[in-house]
Amino acid sequence: MIGVVRSLMELPKEKLVEMYRKMFEIRSFEEKVFELYAQNMVPGTIHLYAGEEAVAVGVCSNLRKNDYITSTHRGHGHCIAKGADPKKIMAEILGKKTGYCKGKGGSMHIADFSVGMLGATAVVGAGIPIAVGAGLSIKLRGTDQVVACFFGEGASNQGTFHEGINLAAIWKLPVLFICENNLYAMGTRQSRVMLIKNIADRAAAYGIPGVVVDGNDVLAVYEAAGKAVERARKGEGPTLIECKTYRHKGHSRIDPAKYRPREEVEEWLRKDPIKRFKEKLLKEKLLSEVEIQGIEMEVTNEIEKAVKFAVESPYPKPEEALEDVYA
Amino acid sequence: MRRITYREALREALREEMRRDSTVFLLGEDIGRYWGGAFKVTEGLAEEFGDERVRDTPISESAIVGTAVGAAITGMRPVAEIMFGDLTTLAMDQIANQAAKIRYMFGGQTKVPLVVRTPFGAGVNIAAHHSQSLEAWYMHVPGLYVAVPSTPYDAKGLLKSAIRGNNPVIFCEHKLLYPIEGEVPEEEYTIPFGVADIKREGSDVTIVATMYMVHKALKAAEELEGEGISVEVVDPRTLTPLDKNAIISSVKKTGRLVVVSEDCKTAGVTAEIAALVAEEAIDYLDAPIKRVAEPDTPIPFSPPLEEYVIPNEKKIIKAVKEVV
């Protein structure tokens, strides 16, 4: 594993503030979604990103606005990390007209093309070839953009994982394959469906680098992703980065996740990525308690505003269901 | 006018659009300089446009279409070739769940200018995995367009429109049509989607047919003319969007409808067109609607078996005579 503290000192303070802010923003956002869900204000289902914030933020902190990402059913965190507007994400989750997709996508299908967020697919593994296509487009257009493709360890058993990564490898496409290994595909523990411990080992099958990283350490993720971005921008091809992490909640809305041993959950809660990052920042005296409280207050206000905006926004007119089928 | 084959017409469309627009590129299995496509449609294009724009891929249909989707939503105009229509099943999620739905799901934020070219149809004794006609499946997916050209002229004009359009198109070719010749002008033209072509005018009965079946319907019409039956042959040219007006207008004129398609009868192309006429023009019908289609079997290998299940002139003539 790449477990690195040295890069902490090398990063400018604004970067650290921004990373902490984004992680805290994702957590606060997801807590609000959960609250609204409990109040029956969220139609359908939700898949919360709480606990995995270090992955999205560690990766996206290396990206430019015109770089791309693809996302999954557990995608709110990716959107926020890439710079999407929490107001419009929240409105979409509530099915409102002011949401990113005008209420047509919901929690599992948020996209913001204006910040390079190419959308979340709810078919496990389906985003992999699409990310590869964005990588091919970059290569054919001759820009130095990159694509970060997020998926879970469950997706690595799909055929699209094999087909997509192989294609990106042979064509040396600028794609980061970011596997968020949270140990469970719904209720299925990784050890029940594969004999290997590290998904990153699968990279060897495609002749590309495979890296295992502590997915609850935002700086470790940042550094690993940074190397992969550099390699991609230089035209040297894709990297598979496996981030070991854990979701704090169940798979979806009411799943109490009884299939997870209590000790395991407790152990991972102790490794909470936000708590760890905060402790590190304080210990290294890079941010003070007061500064951190300031960030947290700002973010809390912002999320409150997002909720207010979403709740007060109108629903789409029913007949708008007929629009946007064709361009 | 100059005559070229369906295959050459498709190749011309690809070549002209690639010259016109640098964002157009091709990808698929063995489409490049070493083979030129299993049916030779892309032959010579890698030599002109290079291996970057005429990309040979591994045998990975899902990744071929998925990659095309990703390229399409980031500024390119990919044309993917799936070697046989039967193999589009391997890319079904990328076609039906991703390409077709991305625009809608994301509230119209993006467009998916993507063409998937693929040959359907039986008649060359290659059995159940290389002979199906699955175009009706794709008619059932909102967000997709479905083109079904029957002549070199239509193939070229529709493919150029498909490439220039902003929606994902399943471009159905028919393997028996590739060597067929027809008139194609030298000068530039395109054919809009959703506009049927009356391939033959008549007054007693309307035959709606697509792709290779258009040619069988025309032969049947010729024979029936000798018996004093005047047949109108309507070729929708695209199944989505479907030129409903052309079909209904023709039925209003003739009062009789025979629908011919090579796909399976149940829930197929013929079912949809029959339902359309039953719903919107039943008062104009002087006889029940007849359908000539594949009798809901996989396509068999042996020549007498295959001939038995595929619609032909004899079956079309029989159906016409039942309603006239």
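Each chain gets a letter, A, B and so on, in the order the sequences are listed, and its residues count up from 1. Scope of the values below: all heavy atoms of this structure, side chains included, with no hydrogens, waters or symmetry mates.
With a threshold of 4.5 angstrom between heavy atoms, B/Tyr145 approaches chain A through its backbone and through its side chain. Using a 4.5 Å cut-off between heavy atoms, A/Leu173 makes no contact with chain B at all. Of the two parts of B/Asn166, the backbone and the side chain both hold a non-hydrogen atom closer than 4.5 Å to a non-hydrogen atom of chain A. No part of A/Ala122 comes within reach of chain B, as not one of its non-hydrogen atoms sits under 4.5 angstrom from that chain. Neither the backbone nor the side chain of A/Gln145 comes within less than 4.5 Å of any heavy atom of chain B. Using a 4.5 Å cut-off between heavy atoms, A/Leu118 contacts chain B through both its backbone and its side chain. Both the backbone and the side chain of A/Ala111 come within contact range of chain B, judged by heavy atoms closer than 4.5 Å.
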- CA sep, side-chain torsions, deciding dist, call: A/Lys139, B/Glu52, side-chain contact (heavy atoms from CB on, under 4.5 Å): CA-CA 9 Å; A/Lys139 189 174 184 188; B/Glu52 287 287 300; 4.1 Å; yes
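With contacts defined as side-chain heavy-atom distances shorter than 4.5 Å, the pair B/Ser60/A/Leu167 does not qualify. At a threshold of 4.5 Å between non-hydrogen side-chain atoms, the residues B/Met105 and A/Met108 do not count as touching. Side-chain atoms of B/Phe106 and A/Asp324, non-hydrogen and from C-beta on, never get closer than 4.5 Å to each other. Put simply, the side chain of A/Leu140 does not reach to within 4.5 Å of the side chain of B/Thr23, judged on heavy atoms. Counting heavy atoms from C-beta outward, B/Thr74 and A/Arg141 have side chains that approach closer than 4.5 Å. Annotation: side chain of B/Ile73 is in contact with side chain of A/Phe113 (closest heavy-atom distance under 4.5 Å). Counting only heavy atoms from C-beta outward, the side chains of A/Pro129 and B/Gln94 approach each other to under 4.5 Å.
Nearest heavy atom pair, residue A/Glu163 against residue B/Ala63, reads OE1-N, 2.7 Å. The shortest heavy-atom contact between B/Thr67 and A/Trp171 is CG2-CZ3, 4.4 Å. Heavy-atom minimum distance, A/Val325 versus B/Gly143: CG1-N, 3.5 Å. In this structure, B/Asp93 and A/Ala126 approach most closely via the heavy-atom pair OD2-CB, 3.3 Å. The nearest pair of heavy atoms linking A/Ser137 to B/Met76 is OG-CG, 3.5 Å.
Annotation: A/Lys87, atom NZ; neighbour count of heavy atoms from other residues, nucleotides and ligands within 6.0 Å does not exceed 12. Other residues, nucleotides and ligands place no more than 12 heavy atoms under 6.0 Å from the NZ atom of A/Lys308. Heavy-atom neighbours of B/Glu188 CD from other residues, nucleotides or ligands within 6.0 Å: above the threshold of 12. A/Ile170 CD1: more than 12 foreign heavy atoms inside a 6.0 Å radius.
When ring centroids are compared, B/Tyr104 and A/Tyr326 stay outside the 6.0 Å threshold.
Looking only at heavy-atom pairs under 4.5 Å with chain A, the residue among B/Arg103, B/Gln98, B/Lys111 that has the most is B/Arg103. Contact count against chain B (heavy-atom pairs under 4.5 Å) is highest for A/Leu136 among A/Asn166, A/Val147, A/Leu136, A/Ile138. Ranking B/Gly108, B/Ser22, B/Gly75, B/Ala68 against chain A, the residue ahead of the rest is B/Gly108, based on heavy-atom pairs under 4.5 Å. Looking only at heavy-atom pairs under 4.5 Å with chain A, the residue among B/Asn167, B/Thr57, B/Leu27, B/Ile64 that has the most is B/Asn167.
Looking at B/Gln109, its side chain does come within 3.5 Å of a backbone N or O of A/Tyr100 through a donor-acceptor pair. Although no hydrogens or angles enter the test, the distance criterion places no donor-acceptor pair under 3.5 Å between the side chain of A/Lys104 and the main chain of B/Gly107.
How far CD1 of A/Ile130 is from CD1 of B/Ile102: 4.0 Å, rounded to the nearest 0.5 Å.
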